[in-house]
Amino acid sequence: MTWLTWRQFRVQAAVVGGVVVLLAIFLLVSGLHVLDLYHSCQAAGTCVSGQFNHTDRRLQVMLEVLLEVTPALIGIFWGAPLVARELESGTFRLGWTQSVTRRRWLAVKLGVVGLASVAVCGLLSLMVTWWFSPIDAVKQQIFSDFDVRGFTPLGYAVFAFTLGVTAGTLIRRTVPAMATTLVAFVTTRLAVVTWIRPHLLPAKHTVQAITLSNQDFGVSASSTGPIVSVGAPSIPNAWVYSATLVAKHGHASSTAFIHKACAALIKSLPGPNGVPGPPNQTAFQSCFNRIAANFNQAVTYQPASRYWPLQGMETALFVVLALLLAGVTFWWVRHRVS
Amino acid sequence: MIWLAWRQYRTQLLVVFGVLGAIAVALAVTGPHLLHLYDTTVANCAKLHDCNSVQSAFVKKDTLLQDLGVAMLVVPALIGMFLGAPLVARELETGSYKLAWTQSVSRTRWFVIKLVLVGLAAIIIAGLLSLMVTWWSSPFDRIASNTMSPSHFDRRDLVPMGYAAFAYALGVTAGTLIRRTLPAMAVTLVAFILARFGELFWLRPNFRTPLKLELPLQGVSGPGGIGIFLQGPGPNDWIISEETINRAGQDIGANGGFGGNGNIGINVANNGNLTLPNGQLCPNKVAPGLGQGIRSNASSSSMGRALQECLHKLDIRQVTTYQPTSRYWPFQIDETVFFVVLALLLCGFSAWWIRHRLA
């Protein structure tokens with residue numbers, strides 16, 4: 001049975017395996033170069049958060065897209081046809097009347113191709129996480145790439161694969177099952193990102209003083225008027241849900257206050273069509289000092305230490321969903337597919 | 001023949017147009033409200049001195065529907081996979097071509113009618129979706145008005161139709177050559193993604209000769225230390241590359257020069273010598289020992305001045321290569337025409353292959 005599964009699967013496995021190996025070699029060479037750059041800027045103490053924004057920029061974009069779409073592709077091309085093709089072409093009549101029971105048949109197929117899916121996504125995630133490690137180390141924003149690093153791609157792959165198998169079993173036709181798999185996968189992913197992930201662990205709250213050294217504080221001219229922004233505090237690697245100014249002594253509106261306190265600075269800004277230049281240093285400093293003297297910042301966030309727990313929880317969530325779907329498929333194949 | 005093509009595709013087309021209808025309803029319900037909100041809050045925020053919070057509150061509206069922008073990238077690929085690839089491949093795979101091509105309708109005629117009808121549907125799907133998304137997103141686009149950036153340019157107006165036509169033709173061709181549906185779908189997807197990336201990274205920046213802006217590099221002391229102040233040509237232009245050059249015109253560091261994002265890693269020795277990250281020694285010095293307090297506010301302004309003097313004396317300049325935002329419509333048309341021509345070439349090739357190469 002394992003041999004049959006391998007025979008049916010070997011061309012695809014070989015193609016994908018070959019691509020993964022080629023990519024691994026390429027990423028090894030290119031990743032060592034990035035690592036070199038990182039070591040040299042670290043030795044000089046000059047690493048800054050945007051250090052590698054333009055290093056292999058195209059490769060960075062392509063790798064993130066690759067890891068984002070691979071689980072969906074596994075669901076579409078490996079999951080959906082697994083049972084549907086047999087049902088559609090009628091080969092299930094031969095396949096399921098041999099000495100191997102149809103449950104065993106399904107278990108072996110799910111196991112072999114499912115393991116291959118996990119292996120592909122796991123290797124890709126490992127390679128990409130390693131390649132990005134110097135970049136992530138200087139960027140200090142690990143949560144922004146939560147979906148394309150670490151364990152989560154494995155969870156997505158297991159889920160997408162099982163979803164494809166289930167859709168194929170229920171729909172019994174390959175191409176419609178593929179389309180359904182894609183839609184259901186994207187919907188589930190979006191729903192988890194939007195509604196579930198922010199509530200997996202209770203967020204932390206803190207009220208802290210505004211300081212120049214860890215604040216994104218800036219002024220800019222926009223098409224609708226000057227903007228003075230007190231950005232979120234740079235808590236390294238934290239996932240900041242919200243950051244709002246809270247008054248120390250009961251100043252009502254922070255925006256009205258900022259506009260008054262920073263009038264000189266705003267006046268020094270160019271109009272919408274003016275040539276931008278560096279802001280007036282004195283006005284900049286006094287604007288900041290007055291804001292910092294009167295306001296604190298209330299921050300709601302997930303600290304960096306929650307990164308791996310959250311990765312584990314989200315992966316577990318998708319694995320559990322996959323197991324439920326696998327259960328449905330077994331039951332359906334046993335009782336509903338004649 | 002037209003009736004046959006309709007019968008074969010009606011389920012898929014009804015499903016797709018049903019989804020489009022649902023999206024249209026969702027956008028029609030929320031869109032006018034957004035426009036009204038924009039006109040009453042964001043449009044006159046300058047008068048109320050409150051642009052910051054008003055804009056950031058506005059861009060958080062309907063975030064799930066804003067994600068439809070990503071769908072604009074995916075839909076052409078899906079059209080190629082699900083409408084294009086099976087068009088011929090399914091007939092070849094199931095053997096139904098033996099019946100279909102031995103009727104009174106010639107196989108070329110059979111192919112052209114199916115190709116044109118389903119292709120028109122594909123372009124209409126992409127066009128309608130683009131029209132809806134472009135209209136609905138217009139208030140957001142006015143805030144983040146960087147129209148030439150790929151995250152806007154690729155998802156609005158004409159280009160999605162060009163991508164859809166190309167992906168569809170690619171799917172048809174792959175299906176004709178490979179003769180099996182699933183492998184053809186996979187090949188279509190990979191080829192489409194590669195073509196899109198290739199065009200975006202290597203062709204589009206050169207559709208028209210890019211403009212260059214050369215300015216002296218400015219050092220400033222800002223919050224948290226000292227930095228380089230990068231000056232773009234205009235806030236909405238598409239910056240293709242930035243280089244930092246020295247007096248001799250040599251490139252001494254791409255994209256903002258010494259560090260990413262306009263930060264500079266200047267090395268301050270204890271004796272007050274300043275060294276730029278490319279190893280060049282500045283002609284001026286700072287007071288010995290100043291480097292230790294580089295992050296404190298007291299020293300950062302004097303450091304900023306020293307840095308500015310150094311950059312000025314060494315005549316270090318930044319060169320920005322960019323495409324101005326005024327080229328938005330010429331670029332939209334160029335890009336759409338480019339992909340439509342590719343699509344026509346692929347269709348012609350498929351027709352020739354079916355006529356001469358398929359048994």
Side-chain angles (χ1 to χ4, degrees), chain A residues 41 44-55 57-58 61-62 65 69 73 76-77 81 85 138 174-176 178-179 182-183 186 190 194 212-218 221-230 253-256 258-260 272-273 275-279 281 284-285 288, chain B residues 11-12 15 42-56 63-64 67 74 78 81-82 86 90 142-143 145 181-182 185-186 189 193 197 201 218 220-225 229 231-232 234-235 241-242 254-256 258-267 277 295 297 301 304:
Chain A
C41 86
T46 56
C47 294
V48 290
S49 65
Q51 187 83 23
F52 301 117
N53 277 7
H54 300 285
T55 313
R57 186 175 50 88
R58 293 161 187 168
V61 176
M62 288 196 269
V65 170
V69 300
L73 296 186
I76 292 176
F77 285 104
R85 194 174 41 190
V138 297
T174 309
V175 176
M178 292 166 78
L182 180 68
V183 173
V186 172
L190 274 180
T194 317
L212 259 186
S213 58
N214 75 348
Q215 217 85 29
D216 231 1
F217 179 77
S222 82
S223 52
T224 47
I227 292 180
V228 178
S229 57
V230 183
S253 151
S254 57
T255 41
I258 288 177
H259 202 266
K260 229 168 101 191
N273 300 318
V275 180
Q281 289 291 323
F284 187 90
Q285 195 68 42
F288 178 81
Chain B
T11 316
Q12 300 166 48
V15 168
V42 183
N44 48 18
C45 69
K47 272 183 231 143
L48 303 169
H49 308 311
D50 199 11
C51 284
N52 193 16
S53 58
V54 166
Q55 288 192 359
S56 60
T63 44
L64 215 52
D67 287 341
V74 180
L78 297 184
M81 287 167 69
F82 287 99
R90 193 174 45 188
R142 266 180 269 169
I143 291 178
S145 48
T181 309
L182 280 192
M185 290 170 80
L189 181 68
I193 293 178
F197 270 132
F201 289 149
Q218 300 226 40
V220 291
S221 55
F229 187 82
Q231 304 178 84
S241 69
E242 282 169 310
N255 295 309
F258 309 105
N261 258 13
N263 289 296
I264 186 165
I266 192 167
N267 190 22
R295 293 241 151 211
N297 296 325
S301 63

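Convention: sequence-line order gives letters A, B, ...; per-chain numbering from 1. These figures come from a predicted structure and were not determined experimentally.
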Non-hydrogen atoms of A/V65 and B/F197 that approach each other most closely
CG2-CZ, 4.1 Å
As an exercise, state the distance from CZ of B/R90 to OG1 of A/T174, rounded to the nearest 0.5 Å.
11.0 Å
What part of [X] is in contact with chain A, defined as an atom under 4.5 angstrom from a non-hydrogen atom: side chain, backbone, both or neither?
{"X": "B/T11", "result": "neither"}
{"X": "B/F201", "result": "both"}
{"X": "B/M185", "result": "both"}
{"X": "B/I193", "result": "neither"}

Most contact-rich option vs chain B, by heavy-atom pairs under 4.5 angstrom, among A/V69, A/V175, A/V183, is A/V175
Given that the side chain runs from C-beta out, which part of A/P81 has a heavy atom under 4.5 Å from chain B: side chain, backbone, both or neither?
side chain
